[in-house]
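Input: a single structure, listed below in structure tokens.
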Amino acid sequence: MLSFIARRVASGIVLVIAISVIAFALLYAGGGDIARRMLGEDASPETVAQKATELGLDQPLTQQFLTWASGLIRGDLGTSWFTSQPVSDAILSRLSVTLSLVFGAIVVVAFVSVILGTLAATRRGWIDTAVQVLSLLATAIPAFLVALGLVLVFAVNLGWFKPTGYVQFTDSPAGWLSSITLPITALALGGIAGVTQQIRGSMIDSLRGDYVRTLRSRGLNAPSVLFQHVLRNAAGPGLAVLGVQFVGLIGGAVIIEQIFAIPGMGQVAVTATSQGDIPLVMGLVVVTAILVVILNLLVDLAQGWLNPKVRLS
């Protein structure tokens with residue numbers, strides 16, 4: 001187990017380095033005259049050159065990356081070019097907000113997908129057809145349209161929720177739950193469709209297995225066979241899909257945060273990208289890559305716990 005974790009961590013480090021190199025090269029290649037853009041068109045050439053030297057932009061691109069990477073190794077993500085705020089502070093102050101949306105969406109996706117996938121696989125008939133049709137519709141409708149529809153119905157017309165804003169959990173747990181309910185629902189809908197289909201297919205295959213007939217012949221009741229054995233074997237593929245969707249949920253959170261005016265990483269990413277604040281954008285890239293690596297590691301560990309064959313391999 002320790003060797004497995006060590007291999008995953010090593011591959012994760014390689015992935016973070018590769019993503020950082022690619023992102024750094026793309027940002028600087030498409031950045032144009034960054035110092036000129038920061039100072040404005042009216043700035044004199046001398047002032048622009050001084051600003052470029054101050055930011056280290058006069059150095060070769062390789063040297064700039066090595067300087068940034070050395071700071072990353074020390075835990076220093078640099079300083080925002082526009083706010084002079086440490087990048088780590090700018091991200092950490094918003095990270096909990098985005099994670100509450102993303103992990104809340106993951107919990108909703110997992111819970112609802114297990115219920116719908118189990119019903120579709122065991123009941124079949126019209127229930128199976130209804131689940132597949134709803135999954136197809138959920139996949140086809142963009143998240144931002146779902147978000148706008150939820151705001152119109154549940155915030156504007158019914159008045160059950162506030163249309164925008166975010167309440168910290170420490171300030172009011174009830175207010176926090178109310179402020180994230182609609183965003184999480186909009187974010188989770190597309191994910192539910194994909195995971196439900198995966199669990200449904202895996203459960204149908206498992207129910208046809210010889211071990212199911214053997215368990216039933218030994219006198220185990222249907223709920224025990226279904227939840228202790230069939231669902232456990234079918235959960236692995238669903239977990240794999242859920243891990244892949246984590247990246248999509250983070251990307252979707254950028255749009256959802258804009259619609260609901262939630263002060264998360266999405267707002268920081270949009271602002272930093274539009275301004276050309278490369279240290280802040282790079283910090284967001286690294287933090288997101290680390291989160292993806294950690295979640296994939298947790299998914300692999302969960303699959304090993306659910307399926308002994310995976311654990312042995």
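In what follows, every heavy atom counts, from backbone to side chain, and hydrogens, waters and symmetry copies are set aside.
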With a 4.5 Å limit on heavy-atom distance, are the side chains of Tyr166 and Ser100 in contact? yes

Heavy-atom pair of closest approach, residues Ala188 and Val108: CB-CG1, 4.0 Å

Quick one: does Asp277's side chain have a donor or acceptor within less than 3.5 Å of a partner on Ser80's backbone? no

Nearest heavy-atom pair of Leu77 and Gly283: which atoms, and what distance? CD1-CA, 4.3 Å

Please lay out, stage by stage, how Ile91 and Leu280 fare under the test side-chain contact (heavy atoms from CB on, under 4.5 Å). CA-CA 8 Å; Ile91 295 176; Leu280 187 50; 4.2 Å; yes

Are the side chain of Thr273 and the backbone N or O of Val270 linked by a donor-acceptor pair below 3.5 Å? no

In this structure, CD1 of Ile22 is separated from CD1 of Ile17 (nearest 0.5 Å) by 12.0 Å

Would you call the rings of Trp68 and Phe24 parallel, tilted or perpendicular, taking 30° and 60° as the class edges? tilted

If we only count heavy atoms from C-beta on, is the Thr62 to Phe65 side-chain gap below 4.5 Å? no

All heavy atoms of Ile192 vs all of Thr196, minimum pair found to be O-OG1, 2.6 Å

Got Ser178 and Lys162 here, is their nearest side-chain heavy-atom distance under 4.5 Å? no

Measuring from atom CD1 of Ile180 to atom CG of Leu187, what distance do you get when rounded to the nearest 0.5 angstrom? 11.0 Å

Looking at Ala269 and Leu284, what are the two nearest heavy atoms and their distance? CA-CD1, 3.5 Å

Here the gap from Ile259 atom CD1 to Leu145 atom CG, rounded to the nearest 0.5 Å, amounts to 8.5 Å

Answer with yes or no whether the hydrophobic clustering places Ile115 together with Val109; edges join I, L, V, M, F, W, Y residues whose side-chain heavy atoms lie under 4.5 Å apart. yes

Any chance you could measure Ser113, atom OG, to Arg200, atom CZ, to the nearest 0.5 Å? 13.5 Å

Is there a path of hydrophobic side-chain contacts, each under 4.5 Å between heavy atoms of I, L, V, M, F, W or Y residues, that connects Ile255 with Val146? yes

For the atom pair CZ (Arg94) and CD1 (Ile262), what is the distance rounded to the nearest 0.5 Å? 11.5 Å

Plane angle bin for Trp160 and Phe154 - parallel if under 30°, tilted between 30 and 60°, otherwise perpendicular: tilted

Indicate yes or no for a side-chain donor-acceptor contact from Thr271 to the backbone of Val268 under 3.5 Å, with no hydrogens or angles considered. no

Distance from Leu182 atom CG to Phe260 atom CZ, nearest 0.5 Å? 5.0 Å

To check you understand the geometry: which heavy-atom pair defines the closest contact between Gly165 and Ser179, and what is its length? O-CB, 3.9 Å

Does some side-chain heavy atom of Leu150 sit less than 4.5 Å from a side-chain heavy atom of Thr185? yes

Starting from Val285, can I reach Leu72 by hopping between I/L/V/M/F/W/Y residues whose side chains sit under 4.5 Å apart? yes

Are side-chain heavy atoms of Gln85 and Thr79 found at a separation under 4.5 Å? no

Is there a side-chain contact between Leu295 and Leu291 (heavy atoms, below 4.5 Å)? no

I need the minimum non-hydrogen distance between Ala253 and Val102, along with the two atoms involved. CB-CG2, 4.3 Å

Give the cluster check for Val107 versus Leu116: same hydrophobic cluster or not, with ILVMFWY residues linked at side-chain heavy-atom distances below 4.5 Å. no

Membership question, hydrophobic clusters at under 4.5 Å side-chain separation (ILVMFWY): are Val14 and Val21 in the same one? no

Can you tell me if CZ on Phe103 sees more than 12 non-hydrogen neighbours from other groups inside 6.0 Å? yes

Can you tell me if Glu257 and Thr98 form a side-chain donor-acceptor pair at under 3.5 Å? yes

Min side-chain heavy-atom separation Ser20-Val16 under 4.5 Å: yes

Side-chain heavy-atom pair Val97, Met265 within 4.5 angstrom cut-off: no

